[in-house]
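Down below is the structure, laid out as C-alpha cells.
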Amino acid sequence: MKKIIILAAAISGSVVFAQEKKSDTVKAKAIEGITLTKQVFKKQSDRFVYDVAASPVAKGNTTFDLLKQTPLLSSTDDKTLKIAGKNNALIYINGRKTNMDAESLVQLLKSTPAENIQKIEVITVPGSEYQVESSDGIINIVMKKKLSDGLNGNMRMSNMQNKFNGSSASLSLNYRKDKLGISGNIFTGENIQAQSYVLKNGTKLISNESVGDINDPNKNLGGYLNFDYQLTDNSNLALTWNSWYNKSNDSTVDLLNTLRNYDTDGNLKSTEQNKSQNREDAHYYNNSLNLNYELKTDSLGSKLNVNAAYLNYRRFQFSDNRTLVPGTLNDFSLLRQKITQDIPQVINNFSVTVDYIQKFKNDFTVSLGGNFNKTKTDNDTKNYNYSYNGNGDLIATKPDFNHFIYDESIYGVYLTLEKKFSDKLSGKVGARYEITKSLGTSDNPQNTEAPYQEIERNYNNFLPYLSFNYTINDKNNISYAFSSRMRRPSFWELNPVKNILTQDNYTQNNPFVKSSSTYNQELTYMFKSSYFLILNHSYFKDIITQVPLQREIVRDGVAYRQLAYIRTNFGDKQEMSAMIGMQKTFFKQYLTTNFNIGVQHNINNGTLNTDPTTGQVFDTYINKTKSTSMVIQSNNTIRLDKKKTWFLGVNYFYVDKQQIELGMLKNLMSLDLSIKKNWNDWTFSLNVTDVLRTNVVEIEDYQSSGNYNYVRNDQFRRGMTFSIVYNFGNQKVKKVRDIEGASDAIKSRTR
C-alpha cells in the first residue's frame, strides 16, 4: 500500500523549503534526549550551529519536535525532515551517520525524549568525506557529555488522535562502568495511517474520476543495542545491533471510479461506474550488525576509524485488487477483474569503510578514506490476473511472474584538505571518486521470445567539493560552498513491478533507471549570529521521478483513459532560492522565535511518452514550466511563568504553489499549537497539529494536448497528541562513543 499510493512521497520530496521518504528520505537510530537553556545560532566553516543546551523548547519534547523547530529545518508532512534548499536530510549523531531505515527512524524520533542534546549542526553542503547523494544535507546532533559511571534512562508514553487513535511507548537506557559502555533503546507503537483521495484524469471527451479512502494499520517494534569497550587509552572496539519490525495487515483501498464520455460540444453522453477494493498484508524486517574499531594516533585529534557491517532487509507484501461492477441491485456485487500480487524483496549488504584524519599544529587537517559496498537484492514477484464475465463468472486466469535479481558493487575513495588561514579565513577543498558496477537480471517465463533479460550499468564519478568561510568582524560572516553529487535509484525503484491501484490506474517501476547528477552552490551571509541570508542554486541532471502518462484504451467497445505513474529519468531541473531569517529571544527570554521567509524559483525541463520497461507508447507528457513561490516558517516558544515550568508553542508554515514533476502543487499551510508542563523529572505535553486543517495536498496539471490530471490527497494531519516523559537514574552517565555503521549509506535506498 505504501508504494501503490506514491503521490504523497513524491510531493513531500519536491517542496524544497518546507519539506517527506523514499523516498524516500531521513535516516537515524535512537536519540536519547535534550535540554536547552541558551539559544545561540552561528555559522562555522561548513555548518550552522544551533546551541540548544538548557532551552525550554527541548524538555519533554521528542527529538522530532525539536528538529522541526531548529533554524533551516522543517516538515510539511510530519514524517520527513528537510533542510531549506535541500532534497533530503540525513541524521548524524556526534558526527556519525545513524544506522536505521527511513520509516523506522521517523517512528523512533517521535518516540524518543529530547533531554540530552547539546547542539544541532546543520550542514547544508556536506564535504567530500561525507557519503551522501544528490543535494542531501546533514543534521548532526551533538549529545551532552556525561561525567560519571552508573545507569540512567528515560521512558516516554504518548497517545495520538486524528482520524484514528494511535499510541506508542519507548524506553532508553545508558550504562557505564569503567571501560565498558552499554546503551540500548526499545520502542513499540501502533497506529492507522489514514488518507482520502480524489483522482481525476482525461480529456474533454473522456474523464476518469476515483474518490475514496485508504487505511493502513501499522504495528512497530524496534530498537538498538550497543556495546563499546575501551581497549587502551587510545583505542576502542564496539559492536552495534539495530533491529526493526513493521507489520501492516489488512491495509485497504476503497475507491469509487466514474467514467464519463462527452460529445464535442461538451454534453454528457454516458456514465459508467465501478469500485476498486484493494486489500494488502505486508511486513518487513530490518536487522544490521556493525563492528567498529577506532584508534587515536596523536594528541591533536588524529585518528583511524574502521567499520565492517552486515545488513539484512526483508519485506513481504501480498495484495488482492478487485474491480467490482453494479449487479442487478446496483450494489457493486459483481467481480469484473481480480489481480493478486505477491511482491517480496530481500536485500543483503556487506560494507566496509576506512577513514583517517591527520591533524597538524598549523590548523591544517587532511582527511582520506574509502568504502566498499556489496549489495544483492532478490525480488520474486508473482501476479495472477483473473477475468470475469457479466454474470461474475471466472472466464480466464493469466499468470505474470518476474524474478528480478540486482547485484551492485560500489568502490569509493575521498581526500579532503582543510585549512584555517587566520582567525577570519578558513577553507576546505576535496573530492570523492566512486566506481559503481551493477547487473540486473530479469527472468519472465511468460515472455517466450525473451524470458531472460540482463541490464548492466557500470559508471565512474568524480565529485569535487569546495568551501570557504570569512569572518568580516564579530558581527558579520560570509561563506560559499560548491559540491557535486549523484543519486542512485532506490532498490525498490529498480524492481520492474507494477502496483495496481484501480483497473485503469497503476505505478510501474523501472530496472533501466540510471543515476542522476546534482550540482549545488550556496552563498551565506550572517549578522550578529541571529540573522541570516542564504542564496542557493541546484542543477539536477536526469532526475529520477514518477511521470504521469495517459493513453486511450478500448475495452468491451468502450473507450477508457489509462493513467500510469512511470518511474524513470525525466529530464533536468533547476532550483534557485533566496531566504532571510532569524533565530532570537525577546522579552528577557520569555519569547524564543525562529522565523524565515524565502522565494524559490523552479525551472523544469522534461518530456516522456514511452514506458521504458514495457515499451508501451502513451500521449506525450511535457513539463517545461517555470514557477516562483514563497515560503514562510515561524516557530515560537512562549514562557508562561517565572519558574520556567509552563510553555506555549505556536508554529506556522506556508508554502506557496509551485511547479513539480507531477504538475502544479497548490499552496500548503499549517498552524500547530502546544502546551507543556515541567514538574521535577516529569514532563506533560499536549500538541495540536494543523489546527485550521489547511495541510491538504492538491496537484493540477494541464497539457497542451488537452490531457489533464488532478490529485487531492488528505492525510488527516489535524490531530492531538498527549505525552508523558519521565527521566530517571544518574543523569551524568555518558556513552563511551557514538558509532557510524559501514552499511549506513545503503540503508537509505531500501525504502
Side-chain angles (χ1 to χ4, degrees), residues 1-6 8-9 21-30 64 78-80 99-112 156-171 184-195 213-225 241-254 277-288 311-321 340-348 377-382 490-492 495 497 499 715-716 747 750-751:
M1 206 66 63
K2 299 177 182 65
K3 293 193 183 74
I4 292 177
I5 303 300
I6 45 76
K21 176 168 321 182
K22 156 196 261 63
S23 243
D24 328 322
T25 233
V26 185
K27 306 132 186 123
K29 72 181 172 192
F64 192 86
D78 204 40
K79 296 178 182 178
T80 48
N99 201 23
M100 187 169 286
D101 70 274
E103 288 186 16
S104 307
L105 162 67
V106 172
Q107 294 296 329
L108 201 56
L109 290 178
K110 289 185 176 182
S111 302
T112 304
R156 177 182 177 85
M157 297 172 289
S158 66
N159 187 271
M160 180 181 68
Q161 180 68 50
N162 44 32
K163 184 177 182 180
F164 298 103
N165 188 266
S167 60
S168 65
S170 67
L171 172 66
N185 172 279
I186 186 170
F187 164 79
T188 182
E190 58 180 282
N191 63 79
I192 301 176
Q193 297 177 4
Q195 301 182 61
D213 298 316
I214 299 172
N215 295 318
D216 183 20
N218 286 272
K219 294 183 178 180
N220 296 290
L221 176 65
Y224 75 92
L225 188 62
W241 172 55
N242 284 269
S243 182
W244 197 267
Y245 171 69
N246 171 271
K247 181 179 180 180
S248 176
N249 282 352
D250 200 27
S251 295
T252 61
V253 176
D254 291 291
Q277 291 186 347
N278 304 340
R279 301 294 181 269
E280 178 187 280
D281 291 336
H283 60 278
Y284 75 86
Y285 308 83
N286 189 326
N287 286 281
S288 64
L311 163 71
N312 177 255
Y313 177 90
R314 293 178 293 160
R315 175 176 172 82
F316 304 95
Q317 174 184 331
F318 180 83
S319 62
D320 182 301
N321 308 278
T340 61
Q341 295 186 295
D342 186 7
I343 312 174
Q345 182 177 60
V346 178
I347 301 174
N348 286 284
T377 72
D378 192 323
N379 312 270
D380 193 5
T381 302
K382 297 179 176 66
S490 300
F491 298 120
W492 67 266
N495 182 20
V497 66
N499 285 302
Q715 297 188 29
F716 302 97
K747 286 180 177 288
T750 61
R751 299 296 295 156

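Numbers here simply count residues along the sequence, with the first being 1.
Looking only at side-chain heavy atoms (C-beta outward), Asn215 and Lys163 come within less than 4.5 Å of each other. The side-chain heavy atoms of Thr340 and Arg279, taken from C-beta on, include no pair separated by under 4.5 Å. Using a 4.5 Å heavy-atom threshold, the side chains of Gln317 and Asn499 count as touching. Within the 4.5 Å cutoff, the side chain of Asn218 has heavy atoms near those of the Asp216 side chain. Between Tyr313 and Gln345, some side-chain heavy-atom pair lies under the 4.5 Å cut-off. Contact annotation: the side chain of Ile192 never approaches that of Asn165 to less than 4.5 Å [non-hydrogen atoms, C-beta and beyond].
One N or O on the side chain of Asp281 and one on the backbone of Asp250 form a donor-acceptor pair closer than 3.5 Å. Put simply, the side chain of Ser243 never gets that close to the backbone of Gly222: no donor and acceptor are under 3.5 Å apart.
Note: Ile343 CD1 to Asp380 CG = 11.5 Å, rounded to the nearest 0.5 Å. Going from atom NZ of Lys247 over to atom CD of Glu190 covers 10.5 Å, rounded to the nearest 0.5 Å. The CD1 atom of Ile186 sits 10.5 Å away from the CG atom of Leu225 when rounded to the nearest 0.5 Å. To the nearest 0.5 Å, atoms CG (Asn495) and OG1 (Thr381) are separated by 4.5 Å. Note that CG of Leu171 and CE of Met157 are 11.0 Å apart. Values are rounded to the nearest 0.5 Å. Here the CZ atom belonging to Arg314 is positioned 12.0 Å from the CD1 atom belonging to Ile347, to the nearest 0.5 angstrom.
Considering only residues two or more places apart in sequence or on other chains, Asp342 meets the side-chain hydrogen bond (donor to acceptor under 3.5 Å, both in side chains) condition with none of them.
Checked against the 6.0 Å centroid criterion, the rings of Trp244 and Tyr284 do not qualify as a close aromatic pair.
Nearest approach of Asp254 to Gln277, heavy atoms of both residues: OD1-CG, 3.4 Å. Across all non-hydrogen atoms, the minimal contact from Ser168 to Ser158 is OG-OG, 2.9 Å.
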Trace of the side chain to side chain donor-acceptor pair (under 3.5 Å) decision for Ser167 with Asn159: CA-CA 4 Å; Ser167 60; Asn159 187 271; 4.9 Å; no

Intermediate values then yes/no, side-chain contact (heavy atoms from CB on, under 4.5 Å), Asn278 and Glu280: CA-CA 7 Å; Asn278 304 340; Glu280 178 187 280; over 6 Å; no

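By the 30° and 60° cut-offs, the orientation of the rings of Phe316 relative to Tyr285 is perpendicular.
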